[in-house]
Amino acid sequence: MKHLRLVAALALLAPLAVPMALASPARAQDAGDVAAGEKAFAPCKACHQVGKNGVGPNLVGVAGRKAGTYEGYSYSAALKNSGITWDDANLHEWLKNPKTKVPGTKMVFAGYPDDKKVTDVIAYLKSLK
Ligand code: HEC
């Protein structure tokens, strides 16, 4: 009898397990899609050249770096003194809205409201060597 009750309980849980299983691919996407990120990086190229400083600083190796510290680039005082280290969370907030994250930054970019796009760009930045 006990066994039957367990089977019944599992049958009740099964519909819950399906949405949970469907949710996991979305979680995998949270890691970001490098190819999509490269496309989303296109507007950034107006200012950021990969591998060297331009209007904006070189972004190779930016993940994990302290903000405003790439050699030879003239940062705003706001970014230099922000105390930020570019971990995923900070990069995410920055790319969603640079001016809110660091008031006074000279990065003239409105930001991407779309979280997926931001996550993809971050994956692309991390792939740069
Ligand atoms: C209109 C020019 C422009 C565009 C477009 C632009 N940036 Fe920037 N970016 C800058 C400038 C200028 C800085 C330096 C900001 C400062 O010193 O306040 C900067 C700084 C950064 C930093 C911090 C670097 C560091 O060394 O601390 C990151 C990360 C960054 N940009 C990523 C991006 C990404 C990703 C995009 C596209 C989604 C983008 N930027 C679009 C001009 C731009």
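Here, residue 1 is the first one in the sequence, and each next residue gets the next number. In each ligand, atom 1 is the first atom listed, and ligand 1 is the first ligand listed. The figures that follow rest on heavy atoms only: side chains count, while hydrogens, waters and symmetry mates do not.
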Decide whether an N or O pair under 3.5 Å exists between Trp86 and ligand 1. yes
Any non-hydrogen atom of Asn58 lying under 4.0 Å from ligand 1? no
Counting only protein N, O or S atoms and ignoring waters, those under 2.8 Å from atom 8 (Fe) of ligand 1 are His48 NE2, Met107 SD
Is Ala78 near ligand 1, meaning one of its heavy atoms is under 4.0 Å from it? no
Heavy atom of the protein closest to atom 28 (C) of ligand 1 (residue, atom name, distance): Trp94 NE1, 3.2 Å
Quick test: of every protein heavy atom, which one is nearest to atom 15 (C) of ligand 1, and how far off is it to 0.1 Å? Thr105 OG1, 3.5 Å
Between Asp114 and Lys96, is the closest basic N to carboxylate O distance under 4.0 Å? no
Is any N or O atom of Lys66, backbone or side chain, closer than 3.5 Å to an N or O atom of ligand 1? no
Quick one: does ligand 1 sit under 4.0 Å from the side chain of Pro43, the backbone, both or neither, non-hydrogen atoms only? backbone
Val121 neighbourhood, listing ligand 1 atoms whose heavy-atom distance to it stays under 4.0 Å: 35 (C)
Regarding ligand 1, does Tyr112 bring an N or O atom to under 3.5 Å of one of the ligand's N or O atoms? no
Please list the nearest protein heavy atom to atom 26 (O) of ligand 1 with its residue and the distance rounded to 0.1 Å. Tyr75 OH, 2.5 Å
Short N or O distance, Ser76 and ligand 1, threshold 3.5 Å exclusive: yes
Below 3.5 Å, N or O to N or O, backbone or side chain included: is there any such pair between Tyr73 and ligand 1? no
